S.K.: 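Here it is: the structure, laid out below.
Since the model is a prediction, treat every value here as computed from it, not as a measurement. Just follow the structure's listing: the first ligand is 1, and inside any ligand the first atom is 1.
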Amino acid sequence: MIAEEQLRNLKNISYQAAGVYENTRFEKIHNVVFDDSNVASAIVAAEIASLIRTKQEENLPCVLGLATGSSPIKVYEELVRLHKEEGLSFENVVTFNLDEYYPMTKQNVQSYHYFMHEYLFNHIDIKPENVNIPKGDLEPDEILDFCVSYEEKIKSYGGLDFQLLGIGRTGHIGFNEPGSHYNSRTRLITLDHLTRSDASGAFLGLENVPKKAITMGVRTVMDAKRIVLLAWGQNKADIVKQTIEGEIDPSVPATYLQQHNNTTFVLNDEAASELTRIKTPWLVGPCDWTHELTKKAVFWLCDHTSKSILRLTDKDYNDNGMEGLLSHEGSSYDLNIKMFNELQHTISGWPGGKPNADDTNRPERAAPAKKRVIIFSPHPDDDVISMGGTFDRLVEQGHEVHVVYQTSGNIAVSNHEALKFAEVAASFDENNDLYNKIIDSINNNEEYVVDAPEVRALKGLIRQKESVAATRFVGIPDSQAHFLNLPFYETGTIKKNPLGQEDVDIMCDIIRAIKPHQIYAAGDLADPHGTHKVCLDALFEALKVLKPESFMEDCWVWLYRGAWHEWAMHEIEMAVPMSPDQVLRKRRAIFYHQSQKDGVMFQGDDSREFWVRAEERNKETAAKYHQLGLADYAAIEAFRRYYY
Ligand code: F6R
């Protein structure tokens, strides 16, 4: 959580002050964008707290509509802090939750009933009788009456004073899935496939996600006096844009919020990244033409006009809102050449630097010719999936490459895979207690239930040995493959512990031991379980600690993206091309991770296998370079430098 003093200052910031409010030509819903979702959440919590206090002064109940899911967690944590440290009382608060899965028992850890108590109600002084959550354990013939009484109860308090919302990628608010009517009220609804697939991680498999839910209706939400919708992360960017800029459309129920006159969307940079004023601000109004924005605009213009950089004309710039850029740069001719050269200079077949070459225009330094390199891999396979080609080149070019696997990745090994290994081992030693215990435990434990420690250990070992097979194939000694098994990950469930001091210390120790000239790490924030994000935070924390140490003066950090996204063209600072043969070698390296092939447990909503995703992504990046007018490579891996 954020520091005390920062929080005190925040309370003085209004949403309007935080957001860019003037360039909203395409926008139909008031929204504010923060670079830090923790800060944004604290401001939302402060608004709720202030409403509760105002109602207290007026001797009135404060009626809150509450949401579950990942988006509001920090708001609830901050409300709990306000209660514990600043005496905020919830005695006058009445809450109505948006929804609950159906069927669902209250005790189930996936129930919204459990969620709300875990994150909020168990830690504040709300009266239990003031907590209202749709019931997931009703008999079918009780549902209708329950829904009617839920609506009546809200009405009996004079309606919702404040409604907190998240947004699903289908555009649902509450569980009002596409097709929901504006006048819908609390009811049973069938969940969309995408919604169930997004929830499948938490439920450890799509088949465990309930097919239905009871949800407040669109009209129930719209009747709230004030609505704040939270959205964090790149995964929400498309639906946020559609909701804010699109037409009102029942197939995106959140667009109904355009008709509400007191709604604010609170977004972080990633969730706002598709909004026109952020993605293509030159289409909205005058811009401050920073270097980064110039690159972004020129590459966008190429895509928009289907031209390479050197073919862009003054007219192309003028027709697309970039006349300001042209007058700033002189002419399209000068600007085009500048941008072309810059892009050209990102390409290098020497990711560790080219020895004895002039490195003025190369992404990496020439010296020292032989570098010590750490590749941080959040799970045991991200190294080869995301940068297998570059890894291969670094080894081939004589650098001392260490791969550091941050987590064990054990939950992603299925029971049948683990059983196979346990049975092979037991065949050599039928009376071995450990092997038999593992086999029994797997046979008696349902899939998707927390594994016994021995089973988790076996699953972790499977991933370790697969990784060593892959790193041997690429050509590094086993002693240069390190397995940190960071403790934050070792919960045995999808929900991980927060990053702790022990994790950071382990990261510092390995960096200190290797004293690298280069660090590669996953800058991928779109991982469905957030493990990549925690692993990146662990690195950032370690870098803060190590920065004063002298060896760090010579250490550059490069970020690759994981299996789900690639850097945007204007963000790429090093592009490592691969030949068709290297593409095949990379594929083979990924194949060593057999437990992650063929219908892996945590697929996300992309059904392609990891090696296919990786290949298609690298091919696409190469195609983009070619479209912009550069050489035609088979594949490219892309990196962005991180300055710490
Ligand atoms: C939760 C709810 C849903 C979520 C939405 C986003 O009570 O009604 O609409 O707000 O699915 O979920 P997260 O926040 O997990 O992305």
S.K.: Does Lys236 come within less than 4.0 angstrom of ligand 1, counting non-hydrogen atoms of the residue?
M.R.: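 True for this residue.
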
S.K.: Look at atom 5 (C) of ligand 1 and say which protein heavy atom is nearest, naming residue and atom and giving the distance to 0.1 Å.
M.R.: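 For atom 5 (C) of ligand 1, the nearest protein heavy atom is His172 NE2, 3.3 Å.
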
S.K.: Taking 4.0 angstrom as the limit and counting only heavy atoms of Gly166, give me the atoms of ligand 1 inside it, by number and element.
M.R.: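 In order of numbering, the contacting atoms are 10 (O).
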
S.K.: Indicate yes or no: does Arg561 engage Glu566 in a salt bridge with an N to O separation below 4.0 Å.
M.R.: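 Glu566 and Arg561: not salt-bridged.
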
S.K.: Counting distance only, does the side-chain N/O of Gln56 pair as donor-acceptor with the main-chain N or O of Ser89 below 3.5 Å?
M.R.: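 Yes, because the side chain of Gln56 sits within donor-acceptor range (under 3.5 Å) of the backbone of Ser89.
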
S.K.: Which option wins on minimum heavy-atom distance to atom 3 (C) of ligand 1: Gly174, Ala213, Ala67, Gly168?
M.R.: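 Residue with the shortest heavy-atom distance to the ligand atom: Gly174.
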
S.K.: Is Asn97 touching ligand 1 with its side chain, its backbone, both, or neither, if touching means heavy atoms under 4.0 Å apart?
M.R.: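 None of Asn97 does.
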
S.K.: Can Lys74 and Glu77 be counted as an ion pair, charged N to O under 4.0 angstrom?
M.R.: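 Here Lys74 pairs with Glu77 in a salt bridge, since their nearest N and O are under 4.0 Å apart.
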
S.K.: Atoms of ligand 1 less than 4.0 Å from Leu98 heavy atoms?
M.R.: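 Taking each heavy atom of Leu98 in turn, ligand 1 has 8 (O) under 4.0 Å.
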
S.K.: Could I get the full list of salt bridge (Lys or Arg N to Asp or Glu O under 4.0 Å) partners for Lys211, not counting sequence neighbours?
M.R.: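 Listed in chain order: nothing, the list is empty.
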
S.K.: Can you name the atoms of ligand 1, numbered from 1 with element, that are less than 4.0 Å from a heavy atom of Asp99?
M.R.: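 Numbered from 1, ligand 1 contributes 1 (C), 2 (C), 7 (O), 8 (O).
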
S.K.: So Phe90 and Leu79, do their side chains get closer than 4.5 Å, heavy atoms only?
M.R.: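 Contact flag for Leu79/Phe90 side chains = yes.
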
S.K.: Got a sec, which pairs hit salt bridge (Lys or Arg N to Asp or Glu O under 4.0 Å) with one end in residues 119-133, sequence neighbours left out?
M.R.: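 Pairs touching residues 119-133 that pass the test: none.
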
S.K.: Please write down residue, atom name and distance for the protein heavy atom closest to atom 1 (C) of ligand 1.
M.R.: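 The answer is Thr68 OG1, 3.1 Å.
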
S.K.: Under 3.5 Å, is there a donor-acceptor pair between the side chain of Thr215 and the main chain of Phe175?
M.R.: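 Indeed, once roles are kept as given, a pair shorter than 3.5 Å links the two residues.
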
S.K.: Quick test of your reading of the structure: of Ser71, Gly69, Ala231, whose heavy atom lies closest to atom 14 (O) of ligand 1?
M.R.: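 The nearest heavy atom belongs to Ser71.
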
S.K.: Considering heavy atoms of the protein only, find what lies nearest to atom 6 (C) of ligand 1 and give residue, atom and distance to 0.1 Å.
M.R.: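 Protein heavy atom at minimum distance: Ile167 O, 3.3 Å.
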
S.K.: Between Asp451 and Arg456, is the closest basic N to carboxylate O distance under 4.0 Å?
M.R.: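 Not counted as a salt bridge, because no side-chain N and carboxylate O are separated by less than 4.0 Å.
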
S.K.: Please write down residue, atom name and distance for the protein heavy atom closest to atom 15 (O) of ligand 1.
M.R.: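 Ranking protein heavy atoms by distance from atom 15 (O) of ligand 1, first comes Ser70 N, 2.7 Å.
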
S.K.: If we only count N/O pairs under 3.5 Å, is Tyr112 in contact with ligand 1?
M.R.: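 It does not: no N or O of Tyr112 is found under 3.5 Å from an N or O of ligand 1.
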
